[in-house]
Amino acid sequence: MSLKLYNDLTRKKEPFVPIVPGKVSFYSCGPTVYDYFHIGNSRPFIVFDVLRRYLESKGLEVNFVQNFTDIDDKMINRANDLGITVNELAEKTIQDYFEDADALGIRRATHYPRATEHIENIIFLVMTLIEKGHAYEIEGDVYFQVSTFPEYGKLSKQTIEELQSGARINVDERKKNPLDFALWKTHKPGEPSWESPWGKGRPGWHIECSAMSMKYLGETIDIHSGGCDLTFPHHENEIAQAEAATGKEFVRYWIHNGYLLIDKEKMSKSLGNFLTARAARLKFSPLAIRLFMLSAHYRSPINFSEETLEQAKAAVERLLNCWSDLQHARTHRDLGASEHSEQLQAIERLFDSYIEDMDDDFNTAGALGSVFEVVRLANNYLKDNLVLSLDVLEKIESFFKKIDDVMGIMGLTDNEQHEDSSEIERLISERNQARKDRNYARADQIRDELADRGIILEDTSEGTKWKIQI
RNA sequence: GGCGGCAUAGCCAAGUGGUAAGGCAGAGGACUGCAAAUCCUUUAUCCCCGGUUCGAAUCCGGGUGCCGCCUCCA
């Protein structure tokens with residue numbers, strides 16, 4: 001059993017075989033840091049975080065690189081609007097990025113290269129392309145000449161001619177071909193610029209990813225990911241730049257996530273129909289947002305709505321309730337050495353099924369099915385057996401820990417519980433004494449106080465359970 | 001015009017040849033100081049038409065509808 005990934009380059013599912021056994025080089029296109037990222041932007045961050053974690057769970061060492069685009073038109077315009085420098089804007093936005101990404105359980109990448117810190121690498125790459133006849137300079141601008149790269153269009157499955165016929169852009173008359181794209185842009189007054197062989201200027205957008213990917217991961221890497229709207233032109237151009245320069249294959253597996261829609265429309269800043277990830281995570285729990293993102297296949301469009309998020313939240317609560325019931329049972333039930341091999345085998349089968357789905361092009365929605373089947377198994381097990389097998393309990397707990405370590409939907413590993421459980425237990429005892437004394441006013445008071453702290457109490461036939469509200 | 005995706009129960013969503021996972025909501029039941037919460041059980045023949053096949057949601061042809069890329073965009 002091994003991982004298969006849908007490769008957009010071949011439009012087929014292919015067995016994933018890393019270049020270097022045991023290691024994975026993974027470049028994921030990151031944000032342009034001019035504003036908070038919105039919940040649509042967070043889809044690739046979350047799903048590729050999960051893919052990265054899954055690879056690691058298989059024992060692979062993943063070198064995960066995500067860039068920050070910190071110089072382009074949007075950066076310049078926004079900085080001007082705010083009356084700050086482009087660098088100040090970048091610093092502030094990157095800080096905000098980490099605040100939101102961390103809160104959403106997105107693990108830190110191995111490297112976060114920024115375009116402005118790799119100007120030398122970029123210039124060197126542009127020089128190489130000029131030397132090799134793939135690029136030309138006009139009045140301080142440098143363009144990539146697509147006609148010199150016959151494979152141009154191989155990712156978007158279009159020929160240069162087909163791409164031209166559909167072009168809607170206003171053609172810059174100086175370019176040799178409308179599809180030629182800027183590698184270097186000449187300096188304009190009031191814009192940040194760097195010295196280069198072509199005068200002062202700044203890099204084009206696409207070149208940074210090629211340059212930084214090669215710097216941190218090598219000329220040929222395993223995986224390059226991004227939103228499907230980056231397929232053309234961004235990733236097509238990255239391929240052209242890198243492969244024209246090195247003569248080697250740039251990326252083995254290209255993977256793209258589908259859009260997040262809102263009211264059936266693409267969520268985007270230009271349409272103005274966006275919700276920032278910050279607002280979303282404050283309104284819904286990060287765990288619910290993650291489960292929502294994983295509830296559909298990563299390549300399918302997914303519709304964001306109040307209703308779908310509430311559904312995800314309820315699903316997370318089901319997981320968490322099961323977990324807290326298991327913890328309660330551990331301390332309140334007899335743990336006999338009784339044989340429950342049927343359960344053990346069933347859990348193993350469900351874990352295999354989870355792996356099978358994840359291995360099949362990262363089918364998180366299918367994998368979640370197995371997760372919830374374990375929930376039902378666990379609930380039934382607790383319901384049907386007064387004396388529990390420690391083996392079974394540990395097997396179930398281990399299952400949840402493993403899937404949570406990859407999906408991050410239960411907060412078992414990343415969100416440490418900061419509540420003082422002994423304090424809570426003490427209040428619960430006090431409340432139960434009050435209940436025995438029929439002092440329900442005091443009992444309810446304690447329950448309300450804990451509720452204010454986000455602790456939910458549940459009275460059951462085997463005592464009072466507590467859990468944290470998400 | 002070119003390229004591509006999608007259509008499965010009230011909602012979300014797996015499933016690519018053998019009579020449809022899972023989640024949410026709903027209904028019934030259990031538990032309970034009322035309540036809440038929780039748990040259990042339960043709910044579909046897969047957009048339409050035609051074809052291939054012993055057998056199709058799953059393959060082929062046609063149709064309808066929705067969406068995306070070809071311009072900055074995750």
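In what follows, chains carry the letters A, B, and so on, assigned in the order in which the sequence lines appear, proteins first and then strands, with residues in each chain numbered from 1.
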Any base atoms under 4.0 Å from D444(A), or only sugar-phosphate, or nothing? Heavy atoms, all strands. base

Could one point to a donor on the side chain of N439(A) or the base of G33(B) with an acceptor on the other under 3.5 Å away? no

Please verify the inter-ring angle class for H38(A) with F274(A); under 30° counts as parallel, over 60° as perpendicular, anything in between as tilted. tilted

Residue-phosphate contact under 4.0 Å: N379(A) side-chain N/O, C40(B) OP1/OP2: yes

Can a side chain N or O of N257(A) be found less than 4.0 Å away from OP1 or OP2 on A74(B)? no

Does K157(A) make a side-chain N or O approach to OP1 or OP2 of C70(B) shorter than 4.0 Å? no

Using a 4.0 Å heavy-atom cut-off, does R299(A) contact any base of the nucleic acid, only the sugar-phosphate backbone, or nothing at all? nothing

Under the side-chain hydrogen bond (donor to acceptor under 3.5 Å, both in side chains) test, residues paired with S210(A) that sit two or more places apart: Q241(A)

For a quick check of understanding: with a heavy-atom distance under 4.0 Å over all strands, which category does K74(A) fall into, base, sugar-phosphate or nothing? sugar-phosphate

Just to be sure I understand the rule, does T231(A) reach a base, reach only the sugar-phosphate, or reach nothing, if contact means heavy atoms closer than 4.0 Å? nothing

All side-chain hydrogen bond (donor to acceptor under 3.5 Å, both in side chains) counterparts of Q158(A), not counting sequence neighbours: none

Check every strand shown and say whether N321(A) touches a base, only sugar-phosphate, or nothing at a heavy-atom separation below 4.0 Å. sugar-phosphate

Look at the side-chain N and O atoms of N363(A) and state whether any lies under 4.0 Å from the OP1 or OP2 oxygen of G15(B). yes

What about R447(A), does its side chain sit under 3.5 Å from the base of A35(B) through a donor-acceptor pair? yes

Base, sugar-phosphate, or nothing for G226(A), non-hydrogen atoms under 4.0 angstrom? sugar-phosphate

Mark yes or no for a side-chain to base donor-acceptor pair under 3.5 Å between R431(A) and G33(B), with no hydrogen or angle criteria applied. yes

Would you check if Y259(A) stacks with the base of G68(B), given a 5.5 Å centroid limit and a 30° plane limit, both strict? no

Go through the steps to decide whether R174(A) and Y143(A) satisfy the test side chain to side chain contact (heavy atoms under 4.5 Å, CB included), and finish with yes or no. CA-CA 10 Å; R174(A) 302 175 310 159; Y143(A) 292 100; 3.1 Å; yes

What orientation do F181(A) and H206(A) show, parallel under 30°, tilted 30 to 60°, or perpendicular over 60°? perpendicular

Counting primed atoms plus P, OP1 and OP2 as sugar-phosphate and everything else as base, spell out the protein contacts along nucleotides 16-26 of chain B at 4.0 Å heavy-atom distance: B, S or - for each nucleotide, 5' to 3'. -----BSBB--

Indicate, with yes or no, if the rings of H111(A) and F64(A) have centres closer together than 6.0 Å. no

Has N303(A) got a side-chain N or O lying under 4.0 Å from the OP1 or OP2 atom of C67(B)? no

State yes or no: are the ring centers of F98(A) and F68(A) separated by less than 6.0 Å? yes

